[in-house]
Amino acid sequence: MADTLPISEAFLSLQGEGKLTGVPSWFIRLSGCNLRCSWCDTPYASWNPEGDKQSIADIVRAAVYSGARHAVVTGGEPMIFKRLYPLCQQLNDAGMHITIETAGTVFRTPFCHLMSISPKLSNSTPHNDPRDPDGGWAKCHERRRLNLCDLPKILIRYPNHQLKFVVTSEADLAEIDALLAEIEKSVRLDPADIMLMPEGATTPDPESIRWVVDLCLARGWRLCWRLHAQLFGDTRGT
Ligand code: SF4
């Protein structure tokens, strides 16, 4: 069908991450992803995409009926779908504030108010993952996870952006610094738009992420909390 998109779930919750943390939002999770992160917290939209195709008119109608003023278009990877353009256009026509959550590997230019980009570090690659017995996805993921040609273009095209890095250990810092240096050849970044998000489906012990706190204090970056995980645990629809 021409005007449909695969939806794994849609629900009302509080935005749990980033600049709009705590804002009541209608989440539209598109099903399907061009990556396979080892720690993906929505495998039902990536490793095993679930859900049905729904018409864009129905998706927008449900968003409006939710009563939320904010819509978060997430995944999976929303940017792999060309029909993101009419979806975002119609959400905007309905007066909603739109956040797109992406890994930043695909350059498309649908309308949104906030572009939330989470470039994937090497800690995301699914080495020896039982879901990938022949290692095909590990190779593919490693090849795709950073698009240094398009990432700066996305940041320039969407000046209201945030860059969220999922971190697992202090060893990630060198990788982040190298990536930021590469990006800053093309676009100047505001440290307040750079966020470090400790990996994990549950709320981390403050002592275990002391190094992240210290890094944010030293660099002027933000600590990105997962409010939804703290409030609702590792459950779908939150
Ligand atoms: S990019 Fe996002 S949805 Fe896709 S595998 Fe990684 S964490 Fe999951």
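As the structure lists them, so they are numbered: ligands from 1, and atoms in each ligand from 1. The basis for the numbers below is simple: all heavy atoms, side chains too, and nothing from hydrogens, waters or symmetry mates.
Ion pairing of E9 with R236 is absent here, as no side-chain N (NZ or NE/NH1/NH2) approaches a carboxylate O to less than 4.0 Å. Salt-bridge formation is not detected for the pair E199/K164: no Lys NZ or Arg NE/NH1/NH2 atom is positioned less than 4.0 Å from an Asp or Glu carboxylate oxygen. We find that D193 and K19 are joined by a salt bridge, their nearest charged nitrogen and carboxylate oxygen being less than 4.0 Å apart. Looking at K53 and D3, no side-chain N of the basic residue comes within less than 4.0 Å of a carboxylate O on the acidic one, giving no salt bridge.
In this view, E184 satisfies the side-chain hydrogen bond (donor to acceptor under 3.5 Å, both in side chains) rule with no residue, not counting sequence neighbours.
In this structure, the side chain of S66 engages the main chain of A68 through a donor-acceptor pair within 3.5 Å.
For the pair H141 and ligand 1, no heavy-atom separation below 4.0 Å is found.
Protein-derived N/O/S atoms nearer than 2.8 Å to atom 4 (Fe) of ligand 1 total 1, waters excluded.
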